[in-house]
Amino acid sequence: MIKNKSLKKFPHDHLLGIEGLSPPDLNYLLDLSDYFAMHLDKKNTEKFKYLKNKICINLFFENSTRTRTSFELAGKKLGADMLNISVASSAIKKGETLIDTAMTLNAMQPDVLVVRHQDAGAVKLLSEKVNCGVINAGDGPHEHPTQALLDALTIKKRKGKISGLKIAICGDIMHSRVARSNIHLLNTLGAEIRVIGPATLIPKNIESLGVKVFYEMKSGLANVDIIIMLRLQLERMSGSFVPSIREYFRFYGLDREKLKFADANALILHPGPMNRGVEIDSELADDLDRSAIFEQVQMGVAVRMACLKTIVENKAKNGK
Amino acid sequence: MIKNKSLKKFPHDHLLGIEGLSPPDLNYLLDLSDYFAMHLDKKNTEKFKYLKNKICINLFFENSTRTRTSFELAGKKLGADMLNISVASSAIKKGETLIDTAMTLNAMQPDVLVVRHQDAGAVKLLSEKVNCGVINAGDGPHEHPTQALLDALTIKKRKGKISGLKIAICGDIMHSRVARSNIHLLNTLGAEIRVIGPATLIPKNIESLGVKVFYEMKSGLANVDIIIMLRLQLERMSGSFVPSIREYFRFYGLDREKLKFADANALILHPGPMNRGVEIDSELADDLDRSAIFEQVQMGVAVRMACLKTIVENKAKNGK
Amino acid sequence: MIKNKSLKKFPHDHLLGIEGLSPPDLNYLLDLSDYFAMHLDKKNTEKFKYLKNKICINLFFENSTRTRTSFELAGKKLGADMLNISVASSAIKKGETLIDTAMTLNAMQPDVLVVRHQDAGAVKLLSEKVNCGVINAGDGPHEHPTQALLDALTIKKRKGKISGLKIAICGDIMHSRVARSNIHLLNTLGAEIRVIGPATLIPKNIESLGVKVFYEMKSGLANVDIIIMLRLQLERMSGSFVPSIREYFRFYGLDREKLKFADANALILHPGPMNRGVEIDSELADDLDRSAIFEQVQMGVAVRMACLKTIVENKAKNGK
């Protein structure tokens, strides 16, 4: 049983993004995630019953091993029945609209839909048409809220806090939903955020989100406590965004040399999957003292347990 | 517990089609479906145990989001273990025959196989080679019995009866397993069936199934209580069957104007996925007073629960 | 409960291959498999709880209906939660390395990974990077240990023993992981092994594994008790390995004529999926007196139950 009375209700039917969530909202989810993370760490094999007889549908319009598997595991650890639907085997191919797909699944009365879609805003649109809870598992370049939560949980567990930390997010900021969700979350909880990358990969007016922009690693990493490296999408490696992989790694790939610019205890995060030798040096990625990359995956299961439990229970309270 | 003593045993090992089922057979399945539908509607979250420790394999040689998901949900709500096999990941690609695939799965001793296949008759052939129960989830243009049952259940719940209703089935009758199963079922239960469509999409001798044929909507829809719109397969939209989408919609697409030909309380059904603007007007499809399209999906889960329970239990009684 | 005190602990963390396993190791797995096979045969529907709350991930880099389904069923019959990951929907496509995929899944803390991969040695490499148990479900042309175990169990149940039997393995020995695992297992348990096939499909120095080589069926099958026919990979049917399907069947395909060379009670095995009319005559494959092909599939579920239980419990004992 969860007895921590400081836990406050999460006042939203869906988890569509980090933007708009308050510090208490975020802390509610992070505290509950931490509770599950501690439980998992004890290798306590007793399964939870919170979502017994509840039905969760993973509706993935884009492929994803880690996110889909993480949600599936999280749901099963809470006792839910999990169904997977991937676009490859979907009616979309037959010309059905996103909304009809959503309403069809809704008519089957699941308790929560976990949705990944290639278009920004598609998950929100879908949430307006259904009467079950919806969790955004990534929508185009827009948001990926559970990734930001698991990053925050990893940081909290390693550094004991988020407020006041200097955090650099490096690489392809332009196309990254992870960057966007992280900026919203870490800013809301009081961190100082910097983004670092080539000008072609930094969106204009990104400063309006409350970040400082750096175009090279030396000044950008100066004294930072946390370095979040982003995946460089393979399809952008050649062409107008990046001159070549070798050039990219030389200027923006994290290695031991560049790491020296940061705080001596700086921690490295990466949402995965990694391009070793592109955005991060392979040997550094495997250094468990500096890199929390696999710890992030572990926290991911705990965060998704917290989000699934919260959204399903909110829906049950609200009826319909 | 199901205490309705009027329920009679369903005297078949498999559910391969509607053709050949008697009114008591159909009413047995519909009554049991209705029982499950009422249960689901109460949002009673207690799962049934009828199929606890039973194994159901969804064997789909054609893709389908809605039917596969509906069966998977239905099985899980009865406590069964559900396995999905899709042709894309199947040994068929390695040259194995349908029968060998079936016998291989049979040797793993499942309790029921739910099979969709692109060829008419394939599911029956398969059922002769295995000693578990088999449910046809659609075989080519032949039959789709659970779709006909869910249509009938939707009609019964909205209109209180089937016998005596005037029902029009509109569109591509030629290639539609839904049309075929519906004609058998609704005729057996005493409805008056009409089929409407262009001559190129109406099979010859269809009158022998006990339907009246109409080649235009005005006379076809006159005074009907139920309109079942069929999906126009995209691959038939151009070519010798249909001159153009615009023409097709003008003559056979259901809109407010054509709906006026029908009874003032006529109900619209569609098996989905819909081609909005092709066989049905988009705004009309969303009118919950006239369209029962998403109610059909909801009934689908209840119908599949009834069919799975019935076929699995019959098999257990018959041994082997 | 399993009370057979003769059962000895299996002293390995993973099941990566048959090579290197001792007779007691093999007999431990075969005895436990036999226990499960007898249980399944009684149609005892009570599910086991051995793996309750345990998580098994099927990680398949190659497609497989039968092996994946067999493991999934086996795990479910033991009460485990089963997750399927296929390469088609995997991050591998995004350029992630095998090791990163493995470590990512490992960070989600499953209890066992069942892995099929197209490259020999890939499963062993992966097992060195994770702290859960790993079962090899086939790695390139290297090993397929559960197939060899199910072949052995089938033989033991039909012939009462393995030691002293004359066993012929026929066909594409060169590319067959099944052949390799079978040679190791059957040799270790005291059978006399022959391999038969065209010179182009027999690896050099295969005699060093303790087999006799025959290039034609008449002398090769003389007096054998067991004939294991191998699948001819379709992609090798034309080209430098085999002149034509017709020629191959004439010289190496098993039919009634060639069967006469063997012992009068010789039993036929095939790992499936079969190419009827290529490596085996279709009518002969269906002769249940001579062919144990579908019995092998049935034993496969029992063997995978034994392997999953053993590896998961070993991991739990060893901690981490």
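Chain letters run A, B, ... following the sequence lines, proteins first, then strands; residues in each count from 1.
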Could you check whether any side-chain N or O of [X] sits under 3.5 Å from a backbone N or O of [Y], counting only pairs where one atom can act as donor and the other as acceptor?
X	Y	result
A:Asp111	A:Ile55	yes
B:Asn275	B:Glu279	no
A:His12	A:His14	no

Do the side chains of A:Ile135 and A:Leu113 get nearer than 4.5 Å, heavy atoms only?
->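 No, too far: nothing below the 4.5 Å cut-off.
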Of the backbone (N, CA, C, O) and the side chain (C-beta and beyond), which part of A:Asn106 lies under 4.5 Å from a heavy atom of chain B, both, or neither?
->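 For A:Asn106, no heavy atom lies under 4.5 Å from chain B.
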Ring geometry between B:Phe48 and B:Phe36 (parallel below 30°, tilted from 30 to 60°, perpendicular above 60°) =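 Answer is perpendicular, since the angle exceeds 60°.
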Test: B:Lys157 and B:Asp34 ion pair at under 4.0 Å |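 Yes, this pair counts.
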Could you name the residues of residues 289-304 of chain B that have a heavy atom within less than 4.5 Å of a heavy atom in chain A?
->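 The stretch touches chain A at B:Phe294, B:Val297, B:Gln298, B:Val301.
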